[in-house]
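Step one of this worksheet: look at the structure below.
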Amino acid sequence: MRISGVQLFIFPHAGGSEISYVSVEKELLPETVTATICYAGRGRRIHEPFQKDMHAMAMDCMKIVQQKRKEELPLVFLGHSLGSLIAFETMNCMRHYGVNLPELVFFSGRKGPTATERSNRSLLPDEELLACLSRMGGIPESFLQHPDFLSFYLPIIRNDLRLNDTYCYEQRESFDIPFVVMNGTEDEHVGPEPALSWKEHTTAACYQEWLEGNHFYFSDAATFSRTLSKYFSMHFPHLQLSRYKECI
């Protein structure tokens, strides 16, 4: 049987949801079957309690991947910021339970799991937290001034940041999966060589891509999606994807 596409699971950033990546999904080639994971406590899962820790989050995401998996297509993960950690820990859960792993992974907007971020943003007073979020971008300023939005959004972002703040890496065997480390050129949170902190977790190739923009550089969805497609073409040359060569 001729394989005619790839399946991409997107792991959103802290406070992110399915709608955060709609513009990216629209720019991807039609042969890409995309599923943006909806974490508990938001979106269509608004009535579910938040995940209490990173392990519970990873287990939940693994179940979602299993439910939506199209076995005939190569599997790809993309995580942004906190989503990079969640994707990484989901992979560890999958390996532990004998679930087939992705064949290519994009880690975006964050240093590797051993590069612990010493912060307690989840405990900041509202005003300081909102100022921090404003500096990072990604949320319109008008939203940050709207009481109804804040009453809905602040519990979500605090829980997500708590998962990041309390994350503790456990030493495990490296993966044998190609990693692509992507970041914005103006993102002050990742440092000059984020790929080095991811390379230690794979025995396969580890590529690095810098795209113009801040922490939410993927708002330029066209450029971001072209970069993803470039690596799809590189790592899945057997796919019958006529438009991929245009992206290289």
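The chain is numbered in sequence order, starting from 1.
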Does any pair with a residue in residues 79-90 pass side-chain hydrogen bond (donor to acceptor under 3.5 Å, both in side chains), and if so which ones, sequence neighbours excluded? His80-Ser108, Ser81-His215, Glu89-Tyr167, Glu89-Arg172
Would you give the length of the straight line joining atom OH of Tyr207 to atom CE of Met234, rounded to the nearest 0.5 angstrom? 5.5 Å
Identify, with sequence neighbours excluded, every residue that meets side-chain contact (heavy atoms from CB on, under 4.5 Å) alongside Lys70. Gln7, Val33, Glu72, Leu73
Are Leu101 and Ile86 linked, directly or through intermediate hydrophobic residues, by side-chain heavy-atom contacts shorter than 4.5 Å (ILVMFWY only)? yes
Tell me whether Trp210 shares a hydrophobic cluster with Leu78, the cluster being built from Ile, Leu, Val, Met, Phe, Trp, Tyr side chains joined at under 4.5 Å. no
side-chain hydrogen bond (donor to acceptor under 3.5 Å, both in side chains) between Arg135 and Asn214: does it pass, once the steps are laid out? CA-CA 10 Å; Arg135 289 193 299 271; Asn214 59 16; over 6 Å; no
For the ring pair [X] and [Y], is the centre-to-centre distance below 6.0 Å?
| X | Y | answer |
| --- | --- | --- |
| His201 | Phe107 | no |
| Tyr217 | Phe224 | yes |
| Tyr39 | Phe50 | no |

Tell me, do [X] and [Y] make a side-chain contact under 4.5 Å, heavy atoms counted?
| X | Y | value |
| --- | --- | --- |
| Leu124 | Leu161 | no |
| Glu186 | Glu212 | no |
| Met62 | Gln66 | yes |
| Ile10 | Ile37 | no |

Can you list the residues that meet the ring-ring contact (aromatic ring centres under 6.0 Å, His included) rule with Phe149, with sequence neighbours excluded? Phe143, Tyr153
Are side-chain N/O atoms of Ser229 and Arg226 paired as donor and acceptor at under 3.5 Å? no
Could you verify whether a donor N or O on one side chain and an acceptor N or O on the other, from Arg69 and Asn100, lie under 3.5 Å apart? no
Geometric class of the Phe77/Phe9 ring pair [parallel <30°, tilted 30-60°, perpendicular >60°]: perpendicular
For Tyr21 and Phe218, take the angle between the two ring planes, folded into 0 to 90°, and tell me which bin it lands in: parallel under 30, tilted 30 to 60, perpendicular over 60. parallel
Throw together a table of side-chain donor-acceptor distances under 3.5 angstrom for residues 173-185, partners on residues two or more places apart or in other chains.
{"from": "Ser174", "atom 1": "OG", "to": "Glu200", "atom 2": "O", "distance (Å)": "3.1"}
{"from": "Asp176", "atom 1": "OD1", "to": "Thr203", "atom 2": "OG1", "distance (Å)": "3.2"}
{"from": "Asn183", "atom 1": "OD1", "to": "Gly109", "atom 2": "N", "distance (Å)": "3.0"}

CG/Leu123: more than 12 non-hydrogen atoms of other groups inside 6.0 Å: yes
Does any pair with a residue in residues 143-155 pass salt bridge (charged side-chain N to carboxylate O under 4.0 Å, His left out), and if so which ones, sequence neighbours excluded? none
Result block: side-chain N/O donor-acceptor pairs under 3.5 angstrom for residues 51-59, not counting sequence neighbours:
{"from": "Asp53", "atom 1": "OD1", "to": "His55", "atom 2": "N", "distance (Å)": "3.2"}
{"from": "Asp53", "atom 1": "OD1", "to": "Ala56", "atom 2": "N", "distance (Å)": "2.8"}

Arg121/Glu128 under salt bridge (charged side-chain N to carboxylate O under 4.0 Å, His left out): CA gap, chis, key distance, verdict: CA-CA 9 Å; Arg121 290 175 295 176; Glu128 292 183 35; over 6 Å; no
